[in-house]
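Each chain gets a letter, A, B and so on, in the order its sequence line appears, and its residues count up from 1.
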There are 2 protein chains.
Amino acid sequence: MLFQAPILERRSSHVKLGGVTTRARRSERRTDALSKERIVETAIEILDAEGENALTFRALTTRLATGAGAIYWHVANKNELLTAAADDVIAAVMAGVVDTSEPEETIRAIALGLFDAIDAHPWVGAQLAPEPWTGLLQIFEGVGVQIQALGVPPAAQFNSASALVNYILGVAGQNAANARVEMGGGDRTAFLAKVADRWTERDPVDYPFAHQVAPQLRDHDDREQFLAGIDLILAGIATLR
Amino acid sequence: MLFQAPILERRSSHVKLGGVTTRARRSERRTDALSKERIVETAIEILDAEGENALTFRALTTRLATGAGAIYWHVANKNELLTAAADDVIAAVMAGVVDTSEPEETIRAIALGLFDAIDAHPWVGAQLAPEPWTGLLQIFEGVGVQIQALGVPPAAQFNSASALVNYILGVAGQNAANARVEMGGGDRTAFLAKVADRWTERDPVDYPFAHQVAPQLRDHDDREQFLAGIDLILAGIATLR
DNA sequence: ACCTGAACACCGTTCAAGT
DNA sequence: ACCTGAACACCGTTCAAGT
């Protein structure tokens, strides 16, 4: 599976440039010119390595060895930067999906690709505004075409695609929120155990379902559960035919 | 439909207290004591009236006629404040849902209640972290019990409830994101028209589904579409029996 | 126990000035 | 055209000091 975009793997060599001897040491100016692409790329590196809160213009200027104004010359504001970063990740996923001739299978591939990408870049889940955001459009389009191929009646296609996309975005948002919390320490199982503990702390009379389901919560696989939800919606869509 | 909590309607009378003549005018101290409840209540007022960005500790201290330290005595930090505010809204919805003897109907009532609440308080959609957050547990429990009543096999109950909840959260997140964008002006139809325009700007060859569906996007009803998604998932769950 | 409010360590963003 | 970096107007949070 190659859901990682080339742009994400390309490492820029701007941090240390010890080889340049003609350059005065104190100025440490980068060799390659600034560009929106390079800025977004660096932003993704920071977001992936240190989380959402670590992405500041000061952190960016340090890593890019430039001034704040330089960044603003290429990017309107922080929001545009975050959107562009998320779009990059989404675009890489959608480009990597291979279109099987089986629509349901392709939908699963899109969904899992997005799941894995957001698992690797949880901050993407927090960037879901449908404004300049082309990522959302791409997801919608990718899913929608498969819905058409599935033979869903035209009148129901919009709602069907919307259901799938909203479900995917819901999981994405949860992943982002979880990552924000988990950032401060332990592994996944420890985290789930803590949530399950909190659930079972409550009165079983008031929260019977939480109690019954807590053991499953403890050792479920997020990815499997995500896919089960996709299948559930696909099963629902199948009843429309 | 009474999905509005009592706490949300109770207007506190702290802004102007002209009747108090013994109080020195310049100090304008509030009459009632500070409490976490009152702070959360005021936070909700600000969030509803002016949006997420308007909720600052300075805005709070002004409205509550107090100092920053006073708020921190009752509330650990801003995140706890936001979580408490969201929990209040969710709790009000869940308390207002009447349990019909028909599980699918009750699930629809929960879902619509949450939809309406988040429509009225879009900032809630951005507070979905499953950490101290009891709101998420309440939703999960409310939905889960109905899933049990529906006769879904125990092994599939966790995934079924999870699918519904994640779908609801996805829509909630979208609503929050939309509200953030819409804050700066126009009505709902103007907003949808703008999104639809953006969709149809693209090449129809690359985005056939977006083009086909743009007219529906233009005049669809969010609430209806949301419910259609719930029904789709319920139809999928029905196939499990 | 509860509150005050100045101070601290940050933010995103702007802009006159440089090349 | 592109970049510099100080300055501005904010933030959330802390804390010595008051009652």
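- Listed candidates were D:dT4, C:dG12, C:dC3. Nearest to the side chain of A:Arg58 is C:dG12.
- The shortest non-hydrogen separation linking B:Ile46 to B:Ala54 is CG2-O, 3.7 Å.
- As the counterpart of C:dC8, D:dG12 is assigned, both hydrogen-bonding distances of the Watson-Crick or G-U wobble pattern falling under 3.5 Å.
- A sub-4.0 Å separation between OP1 or OP2 of C:dC3 and a side-chain N or O of B:His74 is present.
- For B:Leu82 and D:dC11, the CG to P distance is 14 Å, given to the nearest whole Å.
- Atoms CG (A:Asn79) and C1' (C:dT13) sit 14 Å apart, rounded to a whole Å.
- Of the candidate nucleotides C:dT14, D:dT4, C:dC2, C:dT14 has the atom nearest to the side chain of A:Ala68.
- Atom CG in A:Leu64 sits about 10 Å away from atom P in D:dC3, given to the nearest Å.
- Heavy atoms of B:Leu60 sit nowhere under 4.0 angstrom from any nucleic acid atom.
- Heavy atoms of B:Leu55 sit under 4.0 angstrom from primed sugar atoms or phosphate atoms, though from no base atom.
- A donor-acceptor contact shorter than 3.5 Å links the side chain of A:Glu141 to the backbone of B:Ala210.
- In the set C:dT13, C:dA7, D:dA1, C:dT13 carries the atom at the smallest distance from any side-chain atom of A:Asn77.
- Both A:Asn53 and A:Ala76 lie close to DNA chain C; mapped to their nearest nucleotides by heavy-atom distance, the more 5′-ward contact belongs to A:Asn53.
- Within the 3.5 Å criterion, the main-chain N or O of A:Phe158 finds no donor-acceptor partner in the side chain of A:Ser162.
- Side-chain proximity of A:Trp73 to the nucleotides C:dA1, D:dC3, D:dG12 is greatest for D:dC3.
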Full working for salt bridge (Lys or Arg N to Asp or Glu O under 4.0 Å) between B:Arg188 and B:Asp222
CA-CA 10 Å; B:Arg188 183 74 191 154; B:Asp222 276 338; 2.3 Å; yes
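- In this structure the side chain of A:Phe115 reaches within 4.5 angstrom of the side chain of A:Asn175, judged on heavy atoms.
- For the pair B:Ile71 CD1 and C:dC3 C1', the interatomic distance rounds to 11 Å; values are reported in whole Å.
- Of the candidates D:dT4, D:dT13, C:dC3, the closest approach to any side-chain atom of A:Ala70 belongs to D:dT4.
- B:Lys78 has its NZ atom 12 Å from the C1' atom of D:dC10, to the nearest Å.
- Distances from the side chain of A:Thr56 to the nucleotides C:dC11, D:dC3, D:dC2 place C:dC11 closest.
- Put simply, CZ on B:Phe57 is 5 Å from P on D:dT13, counting in whole angstrom units.
- Rounded to whole angstrom, the span from the NZ atom of B:Lys36 across to the P atom of C:dC3 amounts to 15 Å.
- Look at OH on A:Tyr72: it is 14 Å from C1' on D:dA7, rounded to the nearest Å.
- In this structure D:dG18 sits in a base pair with C:dC2, meeting the Watson-Crick or G-U test at under 3.5 Å.
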